[in-house]
Structures are given as structure tokens and as C-alpha cells.
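Read the structure below first, then the notes.
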Amino acid sequence: MRHFLSTTDLHADDLSDILQLADSFSEVLSRDIPKVPALRGKTVVLAFFEDSTRTRTSFDLAARRLSADVVNFSASSSSTKKGESLRDTIQTIDAMGVDGIVLRHGSSGTPSQIVPWTSAAVVNAGDGWHAHPSQALLDCYTITQHRQRNGQIGRRLDGMRIAICGDVNHSRVARSNVDAFTKLGAEVILVGPQTLMPASLEGWPVTAVSDLDEVIGDLDAIYLLRIQNERLEGPLLPSNREYRRRFGLTAERLVDLKPDAMILHPGPMNRGVELDPEAADDPRAVVTNQVASGVPIRMAILYRCLGLGKFPTPGLQETIDEDPR
Amino acid sequence: MGSVVLKNGEVIDRNGRRSADVVVNVDNGKIVEVGENLSADLDLDAQGCVISTGFVDLHTSLRQPGHEAAETIETGSRAAALGGYTAVVSMPDTTPCTDSAAVVNEVLNWGKSALCEIKPSAAISIGRKGHELSPMAELVDLGVRMFTDAGAGVQNDGLMRRALEYASGIPTPDDKPVVLAQHCEVSALSEGGVMHEGQWSSKLGLAGQPSESEELMVLRDIMLSRLVNARVHFQHLSTAGSVEMVRQAKADGLLVTAEVTTHHFLFTDAACANYGTEFKVQPPLRTAADVAAIKEGLADGTIDVIATDHAPHTPDSKERPFDSAPPGMLGVETAFAIANTELDLPYEKLFDLMSWTPAKIAGLDPIHGGEIGPGAAANLAVIDPNFEWVIKGKELASKANNTPYENKVVTGKIRHTLYRGETVVQDGKATR
């Protein structure tokens with residue numbers, strides 16, 4: 001795997017392989033010194049043209065746990081503020097000799113767009129409304145880990161019925177998760193108002209409903225998308241309150257959710273909008289597990305792009321006795 | 001300077017087809033004689049070629065003044081001449097906007113040394129902002145016959161109604177009618193959209209523009225044309241619904257004409273699948289059903305004109321992300337080749353769509369798009385219809401190279417172009 005741009009470039013087996021690789025890295029993370037020299041000597045630039053806390057921190061930690069050198073670059077402090085084009089910025093980074101560029105950008109399609117402008121491996125950390133493949137993988141990982149604890153071993157989601165609820169149209173998380181969940185065998189139901197659904201679902205292996213109560217009792221997992229505040233300024237939604245009434249995972253709706261169902265959210269959560277505090281704190285919520293899954297999944301992705309790319313993973317057997325830093 | 005003879009070509013104009021030589025007087029820019037076995041000071045080989053009146057583009061952005069890094073009147077006219085055009089209607093989307101006598105005069109002045117005739121259009125509203133009318137009568141006196149807010153539709157229904165009424169009463173010295181040309185786009189529906197709204201925009205995570213954002217304005221302008229009995233020209237129609245409305249309006253006897261571009265009958269929105277900004281254009285590339293309807297409209301006469309919507313952009317601006325790159329693509333140098341390759345139409349029909357009718361709409365006939373006979377203006381395209389070539393953006397004469405046809409194999413190339421008797425393109429190369 002040279003670049004990591006979208007789950008749509010990957011087969012179901014590739015997705016399962018990355019989940020399995022993440023297991024190995026989870027083991028590394030449980031060591032006293034949670035670090036391996038797998039990417040020692042490699043340099044990874046985190047090029048974030050859009051604000052991000054968890055994705056950025058998680059990629060940063062993942063790269064450091066693999067002993068890569070990490071350079072942080074953010075648009076707010078960079079020459080892009082001075083009007084430099086994306087191409088010039090990427091070529092400037094490239095000229096410094098880096099091995100990987102982890103790109104977060106507000107515009108759909110930018111990761112594949114920069115590929116010809118750099119010799120580094122490109123890792124998509126979220127582009128516009130298009131894709132957020134590392135998030136999709138960490139969500140799949142979270143779900144499979146959770147199922148494992150309940151005795152269902154495997155790297156697939158066969159037989160699961162998962163609802164993705166909320167602002168699907170403006171969500172890169174939704175697009176990547178629809179692809180990853182269905183590839184791994186789950187049935188996906190999109191839930192939300194028509195104003196927040198893509199104009200066309202032709203070719204999407206999903207069903208769509210606009211009534212959460214119609215489906216909530218049959219779900220094995222409900223994935224709540226964040227409602228961006230700017231959606232409330234336009235004609236798309238009347239108010240937070242109205243959204244909560246139709247689509248919020250309220251305390252009342254929690255009763256309808258199966259006892260073994262999972263509640264997921266990519267964060268940051270709007271408590272009281274897409275989910276009530278009771279739902280966020282419900283034992284069925286795995287939101288913190290999702291955050292925890294981020295590091296081993298992103299280690300696996302970086303390793304696949306920048307490491308030897310082989311599996312099982314040479315170098316993992318080595319341990320680091322002391323932090324070279 | 002003397003005379004030039006186009007040898008052994010097949011002349012096709014509205015009087016029909018005949019094998020003939022065409023002798024042109026270079027000094028007065030007129031055709032001397034059309035016949036067999038003619039000679040002149042200079043021979044230009046037209047063996048195997050079709051000789052047509054030069055093409056006329058109703059929709060060319062030349063970027064001067066204001067955006068000379070992308071194109072100038074000189075480079076754009078050279079590209080046009082290489083594409084067989086002897087006249088182009090320049091768009092007013094310049095900086096400053098072409099909405100005053102000063103800018104029109106400047107464009108006309110630069111146009112004097114161009115490789116084809118530059119017929120400026122001017123904005124309907126000051127600054128193309130849709131609030132106040134431009135000084136139309138003054139600009140008509142300078143030679144402007146087409147008004148358009150190019151790149152923007154006139155959003156205000158009331159302003160458009162008054163613009164149509166006002167323009168229809170302006171006398172012209174040559175009795176050529178003044179026409180308002182509309183870029184049909186209701187911005188309240190298209191706002192933020194960067195491609196056609198549908199299957200592909202949904203998949204790619206890009207904001208879309210529904211077909212209805214175009215169709216609603218087509219519908220409105222048909223109604224306004226009926227209301228005030230004024231002429232409306234529809235620019236670059238892209239949807240099946242628009243074509244059908246124009247068909248009906250014509251059946252009702254309204255004074256409407258319509259153009260489509262080469263890219264709208266070749267590509268669908270699927271072309272944007274890899275976020276290639278060279279496929280970003282306004283109106284956006286639509287669906288296969290729309291392409292089919294456009295081709296049908298071309299064949300049955302609903303669509304009057306093939307235009308280019310030539311829109312040069314610098315490489316750096318097209319290297320922006322898809323959602324922020326400017327819309328538009330090159331067109332003048334490749335339009336005939338695309339039409340000839342993609343459309344199954346006889347030459348008479350192609351030349352009608354690319355020369356005879358646009359010349360009338362632009363108020364340029366019979367100097368352009370007229371007959372090919374003694375005394376007529378020598379604005380001619382000599383076309384090798386079977387010449388196969390590969391389109392390369394870097395080889396095009398425009399300053400910019402934002403062609404969507406990169407590496408496309410096409411059939412049909414301009415061998416010679418004569419503008420006012422001057423051989424501006426000879427053997428496929430610009431002479432100056």
C-alpha cells in the first residue's frame with residue numbers, strides 16, 4: 001500500500017488485515033515502553049489545513065510510537081495564510097525530504113490531488129465531505145473489539161445492522177463508514193432529514209429512512225454524526241431542539257435500543273443535540289474506545305504505507321529499551 | 001500583397017457543395033472568383049479539404065483586460081484562428097467589466113491587430129452585478145450587438161424584464177438586432193455547488209447544482225420573452241429540460257435562440273470522478289440523458305449554435321482544490337474537431353451551427369457566415385475533415401492549457417484560415 005486515500009481503494013480483506021495489524025500494535029501499546037523502531041529514520045509530516053484535535057494527536061502519537069520523526073504543520077501558522085497555493089506548499093514540504101504526508105484538508109479530493117506533487121506517501125486524515133478512512137477503520141476496529149469481548153471473534157461485521165444517523169451529506173465519516181461497514185458485511189441504514197441526505201444514493205449499498213423510531217429497536221449499533229453549528233444557520237434545519245426531537249438519541253429512545261447495541265460517535269459530541277448526556281454516559285456507548293482505537297489503527301496505516309508493508313510485521317518483535325529522545 | 005488561391009477543395013456554403021478553387025484578393029480582403037483551374041500569386045493546397053465560411057463563436061472569454069496571465073486578445077484570437085474561427089464574440093467578464101464605452105473601445109482597439117474579428121459583447125448590468133442597466137445604446141453605437149452578464153445570470157426578474165424591453169427599442173445603424181444572452185443559473189439554487197447535483201456529487205462529497213437551477217431561469221426568460229416580445233439567446237444549455245423548453249418556445253413562435261458547448265455534448269458528470277479541475281465548468285457537466293437530449297436538440301434544430309465558452313485559466317488557479325478552482329475550460333481551438341468527431345451531422349449542419357447562424361445572431365453576417373462567391377468577404381476556414389490528431393493542452397495556442405480534452409484523439413483539423421483575405425493559419429500553423 002503506497003498511499004492511503006480512501007477505503008474505496010481497498011478490498012474487504014485489506015480492511016481486515018489492517019484491523020489485525022492494529023491488534024499487534026495494541027499489544028505494543030500495552031508494553032512498559034509502548035514503542036517499536038518500525039519507522040525509525042522515517043519522517044512524517046502532519047499537514048493539517050483544517051483544525052483537528054483527536055485525529056491530529058492520534059496520528060502524531062501513532063507515528064512516534066513507531067519511532068518516526070514527526071513534523072507538525074498547520075495552515076493557520078503557515079505560508080498558506082500568505083496565499084501560497086496547495087501545490088507550492090506540498091512541494092515545499094516534499095523538497096525537505098519527507099517519507100509521509102498525513103493530510104487533513106477542508107476540500108474533497110485533495111489527497112489524490114497532491115499525489116503527483118510529492119514523492120512521499122500520502123495518508124488521508126480527512127478531506128472535505130469525501131472520506132475519512134482512518135476514522136472508518138478505527139470505528140470498525142472498535143466494533144470488532146467490542147464483539148470480541150462478547151465472544152464474537154473475527155475481523156468482520158457480518159450480520160450487524162448499523163444505523164448512521166444525522167448529517168450524512170456533509171460527512172466524510174459517513175461516506176467512509178458506509179463503505180467500510182458494508183464491505184465488512186454489515187447492513188447500513190442511513191437516518192436523517194432529507195435536507196442532510198446526499199442528493200442521490202444511487203450505487204450506495206444502504207437503505208435510508210427519515211424516522212429514527214422506525215428502526216432504533218432493530219439496531220446492533222447506532223452511529224451518531226455530529227451536527228455542525230453552521231448547518232443550523234441556513235435552511236437545512238430549524239433548530240437544535242427540533243433536530244434532537246426527531247433524531248437525537250434521547251434518554252427516552254435509549255429504552256428502545258437493544259441491550260447489547262453499541263453507541264458510537266466520532267466526536268466531538270454535542271450533548272443534548274445528537275445525543276443526550278444519558279446516552280453519552282450509557283454503558284452501551286463506546287466513544288472512548290473509539291478514541292483509544294485511533295492510535296493502533298493509525299500505527300497500522302502508517303506502517304502499511306511507510307514500513308516494509310509486509311505482514312506479519314518484522315520489527316515488532318524488537319523492543320526499545322529506552323526512548324531515544 | 002496580391003492574391004491567394006485555395007486549390008482543389010470542396011466549397012460548402014448555404015448554396016450547396018461544389019468542387020472548386022477559390023481566389024482571394026489579399027489587398028481588399030474579398031473573394032475574387034470561385035471556379036475550376038484558377039490561379040493566383042500564391043497557391044494554398046486544399047486537396048481533400050472542405051472550404052467553409054470561417055466559424056463564429058458566440059461565447060469567448062479573452063481575459064483582456066484584467067487576466068492577461070491566462071489569455072490575451074492576441075493569444076486567444078490566435079487559438080481561435082487555429083480553430084477555424086474568423087470572428088469571436090468576446091465576453092464582458094473582464095476586469096474592469098466590459099460595461100462602459102471605455103472598455104469596449106479598448107477591446108475593439110486591441111482587436112484591430114487580432115487574428116480574427118473581435119466583436120465585443122457587453123454586460124447587461126453594471127459590473128455584471130444585476131442591479132443597474134449598462135449604457136446599452138452608447139455601447140450599441142460602438143458596435144456591440146450582444147449583451148450578457150456572462151458567467152452570472154440576471155437574478156432579478158424585474159431587471160431582466162426591463163433590460164429586454166429597453167434593449168429591444170435601441171436602433172442600430174446596420175439594422176442588426178440587439179440580443180440579450182443569458183447565462184441561466186438561479187443562484188439561490190446553485191449557490192455553493194461546484195458540479196452537477198446527482199449520483200457523482202453525492203459520491204464525491206462535492207456540493208451540487210441541480211439541473212433546475214438552470215431550467216428555472218430558462219423558463220423565466222421564455223416567459224419574459226413572451227411578455228415583452230423580445231429576443232433572448234440562451235447560452236451553454238446543459239440540461240434535457242432546458243432543451244425541451246426551448247423546443248416548445250420555438251414551436252410557440254417566440255424569439256429565442258440557444259447555444260450548447262462542445263463539452264456538454266461530450267462529457268457527463270462522471271468526468272469529475274477523479275476531482276480533475278479541468279472538468280469543472282459552469283454550467284456543470286450533466287448526465288448521459290442530458291448529453292443525449294443536447295445531441296437531439298442539435299440534430300432537430302432546437303439548438304441553433306455550437307459555442308465554445310472558451311474560458312482560459314492559469315495552471316496555478318486550476319491546481320486549487322476542486323471546490324475552489326475557477327470553472328471553465330479552453331474551447332476555440334478544439335471545437336470543430338470535437339464536433340466533427342462526436343456528432344453524426346452533415347457538414348452543412350455543422351457549418352450552420354458554427355458559422356452561418358452564430359454570425360446572424362452576433363450581427364456579423366454576411367461578412368462572416370455568408371456565401372462563398374465573388375465579392376464576398378474572404379473569411380474562410382479550410383478544413384481537413386479526416387486528419388487525425390491528439391489534443392495536448394501545452395500545444396494549444398492559448399496562454400493557458402486547461403483543456404478537458406487532453407490526449408483525446410480527434411478527427412478533423414483546420415488546415416488554413418483566411419481572415420479578411422489574410423492567411424492567418426497556413427498548413428495548421430498560425431502565420432503570426
Side-chain angles (χ1 to χ4, degrees), chain A residues 5-6 8-9 49-50 75 80 83-91 103 105-117 124 126-133 167-176 178-179 190 196-206 208 230-231 234-236, chain B residues 69-70 186-213 239 268-280 284-290 313-327 393 401-402 406:
Chain A
L5 304 177
S6 168
T8 55
D9 303 333
F49 291 81
E50 199 183 61
T80 53
E84 189 175 62
S85 75
L86 179 61
R87 179 177 184 151
D88 287 342
T89 306
I90 294 299
Q91 288 185 331
L103 180 74
H105 201 288
S107 296
S108 298
T110 41
S112 53
Q113 194 173 15
I114 70 164
V115 163
W117 302 335
N124 184 2
D127 64 321
W129 306 344
H130 172 233
H132 196 351
D167 186 1
V168 175
N169 190 38
H170 305 98
S171 174
R172 52 183 167 234
V173 174
R175 283 186 180 76
S176 285
V178 164
D179 184 59
L190 301 179
L196 299 180
M197 282 291 151
S200 166
L201 290 174
E202 198 181 330
W204 292 46
V206 299
E230 64 259 33
R231 306 288 168 237
L236 297 176
Chain B
V186 173
S187 58
L189 281 178
S190 67
E191 200 168 9
V194 296
M195 68 177 293
H196 173 66
E197 179 178 292
Q199 186 188 353
W200 281 98
S201 66
S202 299
K203 186 179 157 83
L204 294 169
L206 291 169
Q209 303 181 356
S211 297
E212 285 73 6
S213 63
T239 82
T268 66
D269 54 347
C272 304
N274 296 319
Y275 299 95
T277 55
E278 66 274 29
F279 297 107
K280 183 176 176 183
L285 304 173
R286 305 278 186 189
T287 69
D290 296 308
H313 290 291
T314 55
D316 62 292
S317 67
K318 278 291 191 182
E319 280 164 359
R320 290 182 205 150
F322 193 95
D323 56 8
S324 54
N401 52 29
N402 55 306
E406 188 71 18

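First the proteins, then the strands, lettered A, B, ... as listed; each starts at 1.
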Task: Heavy-atom side-chain contact between B:Glu319 and A:Asp88 under 4.5 Å - done: no
Open item on the list: For B:Asp316, which atoms come within 4.5 Å of any heavy atom of chain A: side chain, backbone, both, or neither?
Closed with: neither
Task: Side chain proximity check, A:Ser112 to B:Asn274, heavy atoms < 4.5 angstrom - done: no
TODO: Measure across B:Glu197 and A:Ala199 and return the closest heavy-atom pair with its distance rounded to 0.1 Å.
DONE: CG-CB, 3.3 Å
- [ ] Quick one: closest heavy-atom pair of A:Arg175 and B:Lys203, and the distance?
- [x] CD-O, 3.7 Å
Open item on the list: Could you tell me if the side chain of B:Leu204 sits less than 4.5 Å from the side chain of A:Ser108, heavy atoms only?
Closed with: no
TODO: Count the heavy atoms belonging to other residues, nucleotides or ligands that lie under 6.0 Å from CD of B:Glu406, then report whether that count exceeds 12.
DONE: yes
- [ ] May I ask you to decide if A:Leu201's main-chain N or O and B:Ser202's side chain share a donor-acceptor pair within less than 3.5 Å?
- [x] no
Task: Heavy-atom contact with chain B under 4.5 Å, split by part of A:Glu202 - done: both
Open item on the list: What part of B:Ser317 gets within 4.5 angstrom of chain A, counting heavy atoms only: side chain, backbone, both, or neither?
Closed with: neither
Open item on the list: Does any backbone or side-chain atom of A:His105 lie under 4.5 Å from a heavy atom of chain B? Answer side chain, backbone, both or neither.
Closed with: side chain
Open item on the list: I'd like to know which of A:Ala174, A:Gly203, A:Pro198, A:Ser107 tops the heavy-atom pair count under 4.5 Å against chain B.
Closed with: A:Ser107
